[in-house]
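Reviewing the structure listed below.
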Amino acid sequence: MAEEKRDYYEVLGVSKTATKDEIKSAYRKLAKQYHPDLNKSSDAPKKFEEIQEAYDVLYDDNKRKQYDQFGMAAFQQGNSTGGAGNPFNGGGFSSEGFGDVDLGDIFQSFFGGGSTSRRRGEDGSPRKGEDTLFRVKIDFMDAVNGRHVTIPLTYDEPCENCHGTGADSPDDIDTCPDCGGTGYVRQRQQTIFGVMEGTGPCPRCHGTGKIIRKRCHVCGGSGYNRVHRDLDVNIPAGIASGQQIRVSGKGQRGSNGGPNGDLYVEVQVQPHDFFKREGNDIHIDVPLSFVDCALGTTIDVPTVYGDVSVEIPEGTQPEGILKLRGKGVKDLRSGKPGDEYLHIKVKTPTNLSRSEKDLLEEFRKQEDAKGAKWWKNPFKQ
């Protein structure tokens, strides 16, 4: 059985409301403590990988949002957790015993070129691209019934001729003779730690491990082509605001011939003037006169599927709730509909005619004759 992963916030020791600066600071501290090239304990590589994975997710706004909503399930089935970048790059690092030192180049040349970069697919092997998020607004009834939306999309599509390799044909790709196809070579460098040995990207093949003799005549060797297309996306019936639809292969381009990432279309549902949705149930206010509530009546009530005839029972009380079974939103997975709830709102009539007032006066006299002021009874001792 696979070992259950720890909560990413717990791994970095930050709260769920931590800012990006707090996440970066926590990562830097832990990375220095557990990096395998600085910490020789047997559990350091595993801890460092766990720290890197947590940082990659929490520092990326889109991935953090998915993690907060779905947990670890958001990154199953091949979803990439990489892409937040190395916080050591392009900035100074201040720590007791080191002073104000830029460790970016050191970690990139030595430590980054070792276990970390190889693990993240930067050793010349194919790597899947990052995912992309696109938000679309739809009407309330479109979410209930489903619809198709057209998204104008610009993305990098793998070249059909070279399939992302950048070579005109497979025969035009040679293994780099300097690194033997690994993409990395051994290096020695004088650092603040003394003379250190490590691995760095091969200067000849730039870390790809391959030499291209003839570049692709279609894409010029880039491995991809920039395309502008209208993408038709099916919004299923029953989708709720904030839910996402995954479109495979329409995200950021991969590297070294790797596939594109995925496109996630997040649906934002506009509110309705009368219907209110809670889960798969629909709620609606129904205004009635006190006469209809007292005597009972039959009325036509709107639902998300059209009007239906509803019998209002005699003696219905203000703020009473009636349920219409099966008149809610169909569940996105099972197709089973929720219910619609009618919230009775009694309206007091105004601008009564003389005859209407006379009738109500007579009604009051008869009510008083039944039991005096019935509403006072509960207060009597």
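Computation of the quantities below employed the complete heavy-atom set of this structure, encompassing side-chain atoms and omitting hydrogens, waters and symmetry-equivalent molecules. Positions are given from 1, in the same order as the sequence printed here.
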Without hydrogens or angle criteria, can the side chains of [X] and [Y] be said to hold a donor-acceptor pair below 3.5 Å?
X: D358; Y: S355; value: no
X: N62; Y: Q66; value: no
X: H148; Y: D232; value: yes
X: D171; Y: S169; value: no
X: Y155; Y: K250; value: yes
X: T19; Y: D21; value: no
X: E53; Y: Y8; value: yes

Under-4.0 Å salt bridge between R246 and D262: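 The answer is yes: the pair qualifies as a salt bridge.
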For the student: nearest non-hydrogen atoms of [X] and [Y], plus distance:
X: A26; Y: V14; value: CB-CG1, 3.7 Å
X: G249; Y: N260; value: O-CB, 3.4 Å
X: F48; Y: Y34; value: CB-O, 3.5 Å
X: T303; Y: L324; value: CG2-CD1, 4.2 Å
X: V185; Y: P203; value: CG2-CD, 4.1 Å
X: L12; Y: A54; value: CG-CB, 4.0 Å

Over 12 non-hydrogen atoms of neighbours within 6.0 angstrom of [atom1] in [X]:
X: E311; atom1: CD; value: no
X: E160; atom1: CD; value: no
X: E356; atom1: CD; value: yes
X: R325; atom1: CZ; value: no
X: R354; atom1: CZ; value: yes
X: K214; atom1: NZ; value: no

Rounded distance (nearest 0.5 Å) linking atom [atom1] of [X] with atom [atom2] of [Y]:
X: I245; Y: E266; atom1: CD1; atom2: CD; answer: 10.5 Å
X: S248; Y: D131; atom1: OG; atom2: CG; answer: 9.5 Å
X: K357; Y: S353; atom1: NZ; atom2: OG; answer: 8.5 Å
X: H272; Y: I284; atom1: NE2; atom2: CD1; answer: 8.0 Å
X: R147; Y: D139; atom1: CZ; atom2: CG; answer: 7.5 Å

Does K20 count as lying over the ring of Y59, i.e. NZ or CZ under 6.0 Å from the six-ring centre, within 45 degrees of the axis?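 Yes, a cation-pi geometry.
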Do the rings of Y341 and H283 sit parallel, tilted or perpendicular, given the 30° and 60° boundaries?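 It falls in the parallel class, under 30°.
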Stepwise, does the salt bridge (charged side-chain N to carboxylate O under 4.0 Å, His left out) test hold for K323 with E340? CA-CA 6 Å; K323 181 169 73 172; E340 177 167 316; over 6 Å; no
Distance-only, no hydrogens or angles: does the S241 side chain make a donor-acceptor pair with backbone N or O of V269 under 3.5 Å?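 Yes; judged by distance alone, with no hydrogens or angles, the pair exists.
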Is there a side-chain contact between C293 and I344 (heavy atoms, below 4.5 Å)?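 Of all side-chain heavy-atom pairs linking I344 with C293, at least one is under 4.5 Å.
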Close side-chain approach of T316 and L288, heavy atoms under 4.5 Å: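 Of all side-chain heavy-atom pairs linking L288 with T316, none is under 4.5 Å.
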Passes side-chain contact (heavy atoms from CB on, under 4.5 Å), V247 versus I151? Steps please. CA-CA 12 Å; V247 183; I151 297 175; over 6 Å; no
For residues Y264 and F134, establish whether the separation of their ring centroids is below 6.0 Å.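 Aromatic pair excluded; centres sit 6.0 Å or further apart.
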